[in-house]
Amino acid sequence: MIRGVKGTRDILPDEVGAWQRVEAAARRLFALYGYREIRTPIFEDTQLFARGIGAETDIVAKEMYTFQDRDESSLTLRPEATAGIVRSVIENNLMNTDPALRVYAIGPMFRRERPQKGRYRQFHQVDVEAFGVAAPSIDVEVIEMALGYLEACGLRDYELVVNSVGDAACRPAYVETLRAALRANLGKLSADSQRRTETNPLRVLDSKAPEEQELIGTLPRLVDHLCAACREHFAEVRRQMDLLGIQHRIDHRLVRGLDYYTRTTFEVTSGALGAQSSVLGGGRYDGLVKDLGGPDLTGIGFALGMERLVMILRTAAAAPRCDVFLAPLVAAGRDKAQLLQRELRAAGFSVLLDHEGRGLKSQMKRADKLQARFVVLIGEDELAKGLWTVRDMAGSAQESVEDGRIAGYLEEKLNG
Ligand code: ATP
Ligand code: MG
C-alpha cells in the first residue's frame, strides 16, 4: 500500500465541516472590512522567496521545497502567501486599479519541518494583506479583524502580543548594538545563535533554546532604540488599541520569522495548543513591495494556521447526511423512488436512496445512522394506492402522502 507523504494529512469528510465553517467565517467577516479574495499559484520562482523572505530565515535556509523544472529554472512550493501576493500586486499593477487594495487568500503552504502535532509539511493558512496605508490605524484595524475572526470561529482562550521591530532608519543601528552585546557573550550561546550573531542577530531573540533564555532577557531591547517616527507609530498603535479595548501584551522578543517586517509585529497564541502555541502572526512590511521591484507601497497583514485553529475549536456534532431517505421495499418501487429522488432534489432537499433493495429493518437502521429527518417508504401497498408513507424520524409519526405532494409536505414540515 502506498501511504500519504510524511507531514501531510487528509482532511476527511467528517472533519471538513469544521474547515468549511472557518473558511465561511473568513469570507463573511473580511468582506465587512472591504477585503476581496486573491488566488495565486502554489509555486513561484525560487528567487521570489529568497529575496522576499530573507536568506537567513528558517524558512528559506532550511524549510523550502525547491526543485528544478525541466528547463533548469528553480521553482519553490510557496512556504507562505505574502511574497506571491506582492508579486501579483506588482505584476498586475493592482495598486493603480484598486483604490483600497485589501486582499485575502486561503490555501495550502509547504515547509519541510519536523512533523508533530500542529506542525505539518503541507498546511493551510488564511492570509490577509492591506496595502498602501501608512497610518497606525490600519495596524489596529488589521489586528482587530484578526481577533474578530478568532472570536467568530468560537475561540476565546487566546493572547495577543505585539512589538515594534523598527524600520530602515533605526533597525540597522540596533542590530549592531545587539550584535556587540551577543559577541560579548558568545560563550553562552548555542552554535545556531553564534552563527546568527554574525548573519542575523535579530533571530537570536526568538531562540527557544532553554540555556539561552536568561541571557536573552538581558539583551538591549528594540523599543529602546526606535527612531522618533517608529516610536510615535508604535505609541499610536498602542493608544488606539487601548481606545478599542484590545488587550495586548508587549513582547520585546517578538521579531517574527520573516525578514521583511517593519514597525508593528504581532502574534496570537493559545494555551489550548500546547507546544505549537502560535495561531496567527503578522506585521507591517513597508519595504517589501519596493524590494520586490514594485513601487514604494506600504503593507501590513497576517497569516493564520488553519490546522491549529480547527484543532482548538470545539468539534461540532456530525451534521445529518440527508433530509430524506427513500426506501423502496419492492423492486417495482425503485423506478418510482428514482423519479421522486430527482423531484425532491430539484425542490432543494438532500436525498439518499437505498440502491441495494434491502429489507425494511435494515433500511430504517441506515436512515437512522445517516440522521435522515424523513424516510419515505415505497412498498406494494403504497404503489397500489399512489400514496407514500412518510415517517418523521424526529417523532416516529408517519403519514400517507399523495404522489406529487411529497415535496410540499416536506417543505411544510421542515420550514413551515
Ligand atoms: P512557528 O513558530 O509555530 O513555527 P511561524 O512563525 O513559522 O510559526 P508563520 O510563518 O508566522 O509561523 O505562519 C503563521 C501561522 O501559520 C502560524 O502561526 C501557525 O499557526 C501556522 N503554521 C506555520 N507553520 C506551520 C506548519 N508547519 N504546520 C502547521 N501550521 C503552521
Ligand atoms: Mg516556523
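Because the structure is predicted, anything quoted here is derived from the model rather than measured. All ligand and atom numbering here is 1-based and tracks the order in the structure.
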Ignoring angles and geometry beyond distance, decide whether Arg308 reaches within less than 3.5 Å of ligand 1 through its nitrogen or oxygen atoms.
yes

In terms of the angle between their ring planes, are Phe131 and Tyr285 parallel, tilted or perpendicular, with boundaries placed at 30° and 60°?
perpendicular

List ligand 1 atoms under 4.0 Å from Gly305, heavy atoms only on the residue side.
15 (C), 16 (O), 20 (O), 21 (C)

In this structure, which one of His233, Arg263, Gln240 forms a side-chain hydrogen bond (donor to acceptor under 3.5 Å, both in side chains) with Asp139?
His233

Within 4.0 Å of some non-hydrogen atom of Leu280, the atoms of ligand 1 are 18 (O)

Looking only at distances, can you tell me whether any N or O atom of Arg119, backbone or side chain, sits closer than 3.5 Å to an N or O atom of ligand 1?
yes

Which residue from Gln125, His124, Glu80 reaches closest to atom 13 (O) of ligand 1 through any of its heavy atoms?
Gln125

Under 3.5 Å side-chain donor-acceptor pair for Glu129 and Tyr35:
no

Does ligand 1 come near enough to Val279 that some N or O of the ligand is less than 3.5 Å from an N or O of the residue?
yes

Is it true that atom CD of Gln247 has more than 12 heavy atoms of other residues, nucleotides or ligands lying nearer than 6.0 Å?
no

Going by atom types alone, do Gln194 and Arg183 pair a side-chain donor with an acceptor below 3.5 Å?
no

Do Glu63 and Pro79 have side chains that approach each other closer than 4.5 Å (heavy atoms only, starting at C-beta)?
no

Please verify whether a non-hydrogen atom of Glu113 lies at under 4.0 Å from ligand 1.
yes

Tell me which one of Ser277, Pro79, Ser278 gets a heavy atom nearest to atom 20 (O) of ligand 1.
Ser278

Is the cationic atom of Arg9 (NZ for Lys, CZ for Arg) positioned less than 6.0 Å from the six-membered ring centroid of Tyr120 and within 45 degrees of its normal?
yes

Quick test of your reading of the structure: of Gln122, Glu63, Arg111, whose heavy atom lies closest to atom 7 (O) of ligand 1?
Arg111

